[in-house]
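Bear in mind that the values here come from a model prediction, so they are computed numbers and not experimental data.
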There are 2 protein chains.
Amino acid sequence: MMTDSKNTLKTYALRHTDCRESILEAFLNKSAALSHGDLESLLQDGFDRVTIYRTLKTFVEKGILHKIPDDEGGVKYALCKEECSSHEHHHDHIHFKCSTCGDTTCLESVHIPAIRLPEGYVREDVNMLVQGICPNCIPK
Amino acid sequence: MMTDSKNTLKTYALRHTDCRESILEAFLNKSAALSHGDLESLLQDGFDRVTIYRTLKTFVEKGILHKIPDDEGGVKYALCKEECSSHEHHHDHIHFKCSTCGDTTCLESVHIPAIRLPEGYVREDVNMLVQGICPNCIPK
DNA sequence: GTAACTGCAAAATATTTGCATCCTT
DNA sequence: AAGGATGCAAATATTTTGCAGTTAC
């Protein structure tokens with residue numbers, strides 16, 4: 001996974017701009033997934049809403065970020081591991097949403113178990129969202 | 001699962017109105033999940049958008065319908081099995097979205113497998129969306 | 001210099017709220 | 001009769017598109 005925003009942009013053949021750097025930094029500094037709205041309030045530099053939308057779309061296309069569908073029908077974004085590329089996203093991990101703090105995180109260590117589909121169905125992609133309480137929010 | 005819209009409304013202590021009956025009928029007649037937009041174009045009776053929103057919300061609260069988060073961040077709705085109530089939804093099945101015809105369906109026969117979360121995480125609810133090709137869309 | 005990126009305006013879409021009226025029970 | 005449900009208007013939120021000006025390379 002990338003740890004440096006400038007190198008990442010270079011790697012993906014994307015121009016280095018303030019907005020892109022700030023958005024990457026935001027993801028690198030925060031372990032939880034971020035929505036468009038999260039970024040809008042997080043980035044104090046006042047980037048245009050539209051630019052943030054377009055940056056997110058570009059990052060998903062390039063394989064830098066992946067979408068995480070929220071249970072309520074929103075979308076959040078999180079960094080991809082390095083296996084992702086423009087051509088294909090490879091995600092095998094589950095997503096966890098804490099019902100207390102609201103944070104959604106990638107649990108890279110938990111792989112999505114295999115499922116056997118009924119006759120005639122072909123599996124292409126799987127998304128698994130687990131909701132519950134995260135370690136930080138467990139009452140002691 | 002309910003098969004009759006009038007009885008269902010009575011069972012859930014909801015008033016019988018044209019809109020509610022039409023919406024229930026739509027779900028009973030179509031095996032795929034429906035979004036608000038789907039219903040709007042499906043129901044030719046011209047019910048108000050707002051009424052449809054409110055009806056869907058009511059049905060989810062009562063345990064008649066459950067939400068299915070779409071991979072792109074939308075929401076669809078599908079009928080619950082009878083174990084659901086106002087208090088709690090009990091769903092253990094996966095959802096399948098066909099990338100060809102776009103239909104999302106409940107595969108009641110496929111249960112969500114157990115997953116072992118890392119230390120400190122508590123599981124409350126799980127949602128699993130499988131994308132691929134449904135039997136109807138498999139090229140012969 | 002040039003293509004890529006941004007910001008602004010505006011359109012298109014989606015969802016929510018308030019209120020007066022109507023209808024089920 | 002009374003409370004619940006609907007329809008309409010309008011506010012709010014979300015996402016997309018077009019275009020002109022700016023900037024990274």
Side-chain angles (χ1 to χ4, degrees), chain A residues 4-26 33-77 86 102 104, chain B residues 4-26 33-62 64-65 67-77 86 102 104:
Chain A
D4 173 289
S5 54
K6 287 192 182 173
N7 280 332
T8 299
L9 290 172
K10 196 168 291 181
T11 304
Y12 288 93
L14 288 171
R15 291 195 176 171
H16 177 267
T17 67
D18 290 349
C19 181
R20 286 174 175 174
E21 181 165 338
S22 295
I23 290 182
L24 272 184
E25 293 289 346
L34 298 170
S35 67
H36 175 272
D38 293 335
L39 287 167
E40 216 181 332
S41 41
L42 210 60
L43 304 177
Q44 293 303 320
D45 320 88
F47 299 111
D48 196 87
R49 260 197 305 285
V50 179
T51 303
I52 301 177
Y53 276 116
R54 287 194 271 230
T55 303
L56 289 171
K57 181 185 275 189
T58 302
F59 284 0
V60 170
E61 285 166 3
K62 290 286 180 175
I64 301 174
L65 296 177
H66 62 283
K67 283 189 179 186
I68 305 178
D70 190 68
D71 61 313
E72 289 301 312
V75 210
K76 298 199 166 199
Y77 299 84
S86 323
T104 300
Chain B
D4 173 291
S5 54
K6 289 193 180 172
N7 279 332
T8 299
L9 291 172
K10 196 167 290 180
T11 303
Y12 287 92
L14 288 172
R15 290 195 175 172
H16 177 267
T17 67
D18 290 349
C19 181
R20 285 174 176 175
E21 181 166 337
S22 295
I23 290 182
L24 272 184
E25 293 290 346
L34 298 169
S35 67
H36 176 272
D38 294 334
L39 287 167
E40 215 181 333
S41 40
L42 211 59
L43 304 178
Q44 293 304 321
D45 320 88
F47 299 111
D48 197 87
R49 262 197 303 287
V50 180
T51 303
I52 300 177
Y53 276 117
R54 288 194 271 228
T55 303
L56 288 171
K57 182 184 274 189
T58 302
F59 283 0
V60 170
E61 285 167 1
K62 289 288 180 173
I64 301 174
L65 297 176
K67 282 188 179 187
I68 304 178
D70 190 66
D71 60 312
E72 289 299 313
V75 211
K76 298 198 167 200
Y77 299 84
S86 322
T104 299

Q. Could a donor-acceptor pair under 3.5 angstrom be found where the side chain of Arg54(A) meets the base of dG7(C)?
A. yes
Q.
Quick one, Thr17(B) and Thr51(B) - any side-chain contact, counting heavy atoms below 4.5 Å?
A. no
Q) Looking at CD of Glu21(B) and NE2 of His16(B), how far apart are the two atoms once the value is rounded to the nearest 0.5 Å? A) 3.5 Å
Q: Tell me which of Ala13(B) and Arg49(B) sits closer to the 5' end of DNA chain D, going by the nucleotide each one is nearest to.
A: Ala13(B)
Q) Is there a side-chain contact between Phe47(B) and Asp18(B), using heavy atoms and a 4.5 Å cut-off? A) yes
Q: Using whole Å, report how far OH of Tyr53(A) lies from C1' of dA13(D).
A: 8 Å
(Q) Rounded to whole Å, how long is the line connecting atom NZ of Lys57(A) with atom C1' of dT6(C)? (A) 16 Å
Q: Starting at atom CD of Glu40(B), determine the distance to atom C1' of dA12(C), rounded to an integer number of angstrom.
A: 14 Å
Q: In whole angstrom, give the distance that lies between atom CD1 of Ile52(A) and atom P of dC8(C).
A: 12 Å
Q: Whole angstrom is fine here: how far is it from CD in Glu21(A) over to C1' in dT23(D)?
A: 15 Å
Q | Close side-chain approach of Tyr77(A) and Lys67(A), heavy atoms under 4.5 Å | A | yes
**Q.** Interatomic distance, Lys10(B) NZ vs dG4(D) P [rounded to whole Å]
**A.** 19 Å
**Q.** Among dG3(D), dC5(C), dC25(D), the nucleotide that comes nearest once only the side chain of Arg15(B) is considered
**A.** dG3(D)
(Q) Could you tell me how far apart Leu9(B) (CG) and dG4(D) (P) are, to the nearest whole angstrom? (A) 16 Å
Q) Would you find a donor on one side and an acceptor on the other, under 3.5 Å apart, between the side chain of His36(B) and the backbone of Val75(B)? A) no
**Q.** Side chain of His36(A) (C-beta onward), nearest among dT16(C), dA24(D), dT15(D)
**A.** dT15(D)
**Q.** Euclidean distance, atom CG of residue Asp48(A) to atom P of dA20(D) [Å, nearest integer]
**A.** 17 Å
Q: Establish, with yes or no, whether the OP1 or OP2 oxygen of dC23(C) is under 4.0 angstrom from a side-chain nitrogen or oxygen of Thr17(B).
A: no
Q | Contact under 4.0 Å: Arg20(B) side-chain N or O vs dA5(D) OP1/OP2 | A | yes
(Q) Measuring to OP1 and OP2 of dG7(D), would you say a side-chain N or O of Thr51(B) lies under 4.0 angstrom away? (A) yes
(Q) Starting the side chain at C-beta, find the nucleotide from dA9(D), dA5(D), dT25(C) nearest to Val50(B). (A) dA9(D)
